[in-house]
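Contents: one structure, followed by commentary.
A, B, ... follow the sequence lines: proteins, then strands. Residue 1 opens every chain. Atom set for the values below is all heavy atoms of this structure, side chains included, hydrogens, waters and symmetry mates excluded.
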Amino acid sequence: MSEQQPESSSYDVHAVEEKWQPVWDQIDPFRADDAAVVAGEREKRYALTMFPYPSGDLHMGHAEVFALHDVLSRYWKFRGYEVLNPMGWDSFGLPAENAAIRNDEHPATYTYANIETQYESMKRYAVSFDWSRRLHTSDPEYYHWTQWLFLKLREQGLAYRKNSPVNWCPQDQTVLANEQVLADGTCERCGAEVTKKELTQWYFKTTHYAQELYDCLDDLQDSWIGKVVNAQRNWIGRSEGAHVVFEIEGHGPVTVFTTRPDTLFGATFFVVAADAKLAAEICTDEQRGAFEAYVDDVRKASDIDRMSTERPKTGVFLGRYAVNPVNGERIPVWAADYVLADYGTGAIMAVPGGDQRDYDFAKAFDLPIIHTVQPPADFEGEAYSGSGPAINSANDEISLNGMDVAEAKSTIIAWLESKGLGNGTVNFRLRDWLLSRQRYWGAPIPIIHCPACGEVAVPEDQLPVELPELRGADLKPKGTSPLGAATEWVNVDCPACGGPATRDTDTMDTFVDSSWYFFRYLSPNDDTQAFDPALAEAWGPVDFYLGGDEHAVLHLLYARFFTKAMRDMGLITWDEPFTAYLSQGKVINNGRKMSKSLGNGINLGAQLDEFGVDAVRLTLVFASPPEDNIDWADVSPAGSLRFLQRAWRLSGDVTSEPGVDAVTGDLTLRKLTHKTVHDAAQLLESYRFNVVVARIMELVNATRKAIDSGCGPADPAVREATETVALLLSMVAPYTAEEMWERLGHQPCVAQAPWPTVDPALLVEDTVTAIVQIQGKVRGRLEVAPDISEADLEAAALADADVVRAIDGREVRRVIVKAPKLVNIVV
RNA sequence: GCCGGGUUGGCGGAAUGGCAGACGCGAUGGUCUCAAACACCAUUGUCCGAGAGGGCGUGUGGGUUCGAAUCCCACACCCGGCACCA
């Protein structure tokens, strides 16, 4: 016995990993069955986690997201759902291209080598992916359908080309979407300061769905993590207000957007964005020189200073007057850079009495200020934008005076509408998605430019438009797409007229690739269509999506846009792609983000080598609620390993035979076992994975105690408890669980075992602990029957020796009884 | 400035109107050992007390309630989103 002690008190984590991987490969328990779901034999669950970009090997962040994701996927399988849990690679993108330039090779070399590395790591990490659905967005078999979807969007009028000032990253030498420029004006990818360039580029018309993208957030409010819903609301930026038409003398009517039409009587001047075409059109010849000088100044200053709200107001008079439609007042028209060209109509009515920016401008240029809302007596500010009765707001036909803001708004809108001078409307901050990129390693835009026919779509039967073979120095960024250098590729016959024409040389933003990949998982090998609509109907939408905060707006908004567009094309029937969404926290170290420059990186491979896959997974799941950051300095993979060994040791101590009837087993342990299973299910449904682990630990502790100093290792309840530990643990620590399962005398694999049946009778306690409070403070405890009457409980409480002593002769004024749990005595 | 989320022991966190601090980390003491490591056992919010026991305690201040970490009001601080968006 003593000789065997070392051998049986721990197991070799690496040997166990090598032992089970081939067994699982053979059993292949996680392959999703399309037929069963299409036929409705089993209820489906689509579990999705964001597919990685293949830069090097997996890191701690991947380890966390996969560990969390796998708990839920495996749980769903246990509960009898047919689970779709696919994985692939978002494999177009700049790092591969930059590596190719550095190493004089093709981007595919870097990309596919890293994919293999990551694939091997994922296999070792034992995530329950259905590998038969693996895809890579850089495969022609995949981007064929990315291109096809682009053409479909274009047919719907949702993809178009326009000339416009765009965000330009001088580092990456390509344009960027609004979503890819951070709040501080830097590139989301490389951190370089983004500048503006005037270019003709492709856009997706995301604004077409602005209202719906906004409204559907209400439905996602409870099932998506709140901060992402909030971020999307802020990004889409819905504002209710009105369009109001101002006649500009000598020019014509110009419409403005305002959220405060009730303040129209206070509009004392009119401002046009200096960089809008409209400003140049309105400007009189006399003011032309001053205007152009101002525009020059604005251009120089813009990108650095324009972010600052503290900057003093600047502008220039355009030499014309607009007529305020409510009172006929002639108000001067100015150009200024505090009005944005691409929001609203690029022109505003300025109400300095009610808007601080307009107030600042009025002060700077000595323009009149009229208050149209009565500020409270103690108001000490300048512009007043709060609530209160309207003042100074009447003409011959209408008076708003005395009305509150809401009433004044609706009244004036009705009046404007009756006069044809405006209407109530809604405006959005969201802009269209700029999708062209001047880089190589992406899906070519399947358009041919013909001098005679203009833009011509590449015929569907000629898709995919494959990338020409370029490598190394050919790919160096030069401000225009590297594809332009592939002369043979670029020059083609026009599909419409047969004349000489050229291909579009830009590639698509890689966010296009990832906007629809969750559909391709349904039909990853179908070379006749993007996906089978019948499978989409059966599997979709995604039931649970786990990913990173960095995609709160970007990817999640784009995927929502694609889904709505695909619905309107008749490809699918639902409105939203992801029924539930959760973003996991980051793995940090010592209070800081891991980074090379700080030298505080934790290498996942090294952690796996030291503690094993299961201990690392357990550590990440147990550390905190999934959405919170995990500081690696605060957690203990060694402690996790210790726990796993403790759990595993139980399986060696059980002496009863498999299949023994648990009914005769120790009741206390049985009750804990059944309660643990019951609670675990509820906790898992609400993603409370860390608490589930704590409950498994409690069960392990209790089972240990039962073996050592309780009912003993032969008691059937000990087997039941240990088997339950193995089953529950398999969601977090699959290797340890499989090893336990085998030692308990079962065939592999534990993932195919059924979820333990909870006996409701065992969830009922024989006695419960009633607490007795005096003045709300706990002063005694009573063991009572769960069905004790309130009167009996009160009597028992008042008779209790501790309670009598605590009352200390004082008069009992009131007794609150909540049988069977609580008595509160008020003295 | 606007919108959202948060603040609980030395640390990560439990408890969502009824025993605050589950579970774990760390720490301290012990068993084992020649010794150490591992493992195991015990203690571990804080203050008073020899002890029994008691006081205090969930960012701050108020409120509702027999009873509040939990609900309400105000404030402070932290994190995230938007921001010259009319």
Test item: A:D358 side-chain N/O and A:P352 main-chain N/O as donor-acceptor pair under 3.5 Å: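 Side chain of A:D358 to backbone of A:P352, a donor-acceptor pair under 3.5 Å: no, none is there.
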Using the [atom1] atom in both, what is the distance from [N] to [M], to the nearest Å?
{"N": "B:G24", "M": "B:A35", "atom1": "C1'", "value": "30 Å"}
{"N": "B:C79", "M": "B:G17", "atom1": "C1'", "value": "28 Å"}
{"N": "B:C56", "M": "B:G62", "atom1": "P", "value": "15 Å"}
{"N": "B:G10", "M": "B:A22", "atom1": "P", "value": "14 Å"}
{"N": "B:U65", "M": "B:U16", "atom1": "P", "value": "23 Å"}
{"N": "B:G67", "M": "B:G80", "atom1": "C1'", "value": "36 Å"}
{"N": "B:A14", "M": "B:C3", "atom1": "P", "value": "28 Å"}
{"N": "B:U31", "M": "B:A36", "atom1": "P", "value": "11 Å"}

A:E240/A:R238 salt bridge by N-O under 4.0 Å criterion: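 A salt bridge is present here (some side-chain N lies under 4.0 Å from a carboxylate O).
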Please report the distance, rounded to the nearest Å, between [atom1] in [X] and [atom2] in [N].
{"X": "A:D634", "N": "B:C11", "atom1": "CG", "atom2": "C1'", "answer": "6 Å"}
{"X": "A:E64", "N": "B:G12", "atom1": "CD", "atom2": "P", "answer": "16 Å"}
{"X": "A:I774", "N": "B:G67", "atom1": "CD1", "atom2": "C1'", "answer": "14 Å"}
{"X": "A:L620", "N": "B:G13", "atom1": "CG", "atom2": "P", "answer": "14 Å"}
{"X": "A:L822", "N": "B:C19", "atom1": "CG", "atom2": "C1'", "answer": "9 Å"}
{"X": "A:I236", "N": "B:C3", "atom1": "CD1", "atom2": "P", "answer": "18 Å"}
{"X": "A:N590", "N": "B:C25", "atom1": "CG", "atom2": "P", "answer": "19 Å"}
{"X": "A:N629", "N": "B:G6", "atom1": "CG", "atom2": "C1'", "answer": "13 Å"}

How would you label the contact of [X] with the nucleic acid (heavy atoms, under 4.0 Å): base, sugar-phosphate, or nothing?
{"X": "A:R805", "value": "nothing"}
{"X": "A:E698", "value": "sugar-phosphate"}
{"X": "A:D631", "value": "nothing"}
{"X": "A:N701", "value": "sugar-phosphate"}
{"X": "A:R704", "value": "nothing"}
{"X": "A:V635", "value": "nothing"}
{"X": "A:N824", "value": "base"}

Just to confirm, is there a sub-4.0 Å distance from OP1 or OP2 of [N] to any side-chain nitrogen or oxygen of [X]?
{"X": "A:R814", "N": "B:C66", "value": "yes"}
{"X": "A:Y338", "N": "B:A86", "value": "no"}
{"X": "A:R642", "N": "B:C38", "value": "no"}
{"X": "A:R688", "N": "B:A15", "value": "yes"}
{"X": "A:S640", "N": "B:G24", "value": "no"}

Determine whether [X] and [Y] make a side-chain contact, defined as any pair of heavy atoms from C-beta on separated by less than 4.5 Å.
{"X": "A:L176", "Y": "A:V194", "result": "yes"}
{"X": "A:F361", "Y": "A:L367", "result": "yes"}
{"X": "A:F269", "Y": "A:M349", "result": "no"}
{"X": "A:V827", "Y": "A:R814", "result": "no"}

Checking contacts here: which listed nucleotide ([options]) is nearest the side-chain heavy atoms of [X]?
{"X": "A:R429", "options": "B:C3, B:A83, B:C66", "answer": "B:A83"}
{"X": "A:T259", "options": "B:A86, B:C23, B:G18", "answer": "B:A86"}
{"X": "A:R649", "options": "B:A86, B:C19, B:C40", "answer": "B:C40"}
{"X": "A:P625", "options": "B:C23, B:C19, B:G13", "answer": "B:G13"}
{"X": "A:I771", "options": "B:C84, B:G24, B:C19", "answer": "B:C19"}
{"X": "A:R781", "options": "B:A22, B:C19, B:G12", "answer": "B:C19"}
{"X": "A:T258", "options": "B:A86, B:G18, B:G24", "answer": "B:A86"}
{"X": "A:S624", "options": "B:C19, B:A14, B:G12", "answer": "B:G12"}
{"X": "A:V691", "options": "B:C23, B:C25, B:A14", "answer": "B:A14"}
{"X": "A:I816", "options": "B:G18, B:C11, B:C66", "answer": "B:C66"}

Along RNA chain B (nearest heavy atom to each residue), the more 5'-positioned of A:A806 and A:R431: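 Its nearest nucleotide lies further toward 5', so the answer is A:A806.
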Toward the 5' end of RNA chain B, by each residue's nearest nucleotide, A:A231 or A:G776: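 The residue whose closest nucleotide sits nearer the 5' end is A:G776.
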Residues A:R429, A:N234; criterion side chain to side chain donor-acceptor pair (under 3.5 Å); working and verdict: CA-CA 8 Å; A:R429 209 199 69 100; A:N234 288 336; over 6 Å; no
Ignoring hydrogens and geometry beyond distance, is the side chain of [X] in donor-acceptor contact with the base of [N] at under 3.5 Å?
{"X": "A:R233", "N": "B:C82", "value": "no"}
{"X": "A:D628", "N": "B:G12", "value": "no"}
{"X": "A:N234", "N": "B:G81", "value": "yes"}
{"X": "A:Q775", "N": "B:G67", "value": "no"}
{"X": "A:K821", "N": "B:C19", "value": "no"}

Mind listing the closest non-hydrogen atom pair of [X] and [Y] along with its distance?
{"X": "A:I602", "Y": "A:N589", "result": "CD1-ND2, 3.4 Å"}
{"X": "A:P626", "Y": "A:L68", "result": "CB-CD1, 3.8 Å"}
{"X": "A:T619", "Y": "A:S636", "result": "OG1-O, 4.0 Å"}

Watson-Crick or G-U pairs under 3.5 Å in RNA chain B, rendered as dot-bracket with [ ] for crossing pairs and | for another strand: (((((((..(((.....[....)))((((((.......))))))((((....))))..(((((..]....))))))))))))....
Plane angle bin for A:W334 and A:F365 - parallel if under 30°, tilted between 30 and 60°, otherwise perpendicular: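 Rings of A:F365 and A:W334: tilted, 30 to 60°.
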Torsion-based syn/anti label for B:G67, 90° from 0 as limit: anti
A:E627 and A:Q584: side chain donor to acceptor below 3.5 Å: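 No, because no side-chain N or O of A:E627 sits under 3.5 Å from a partner of the opposite role on A:Q584.
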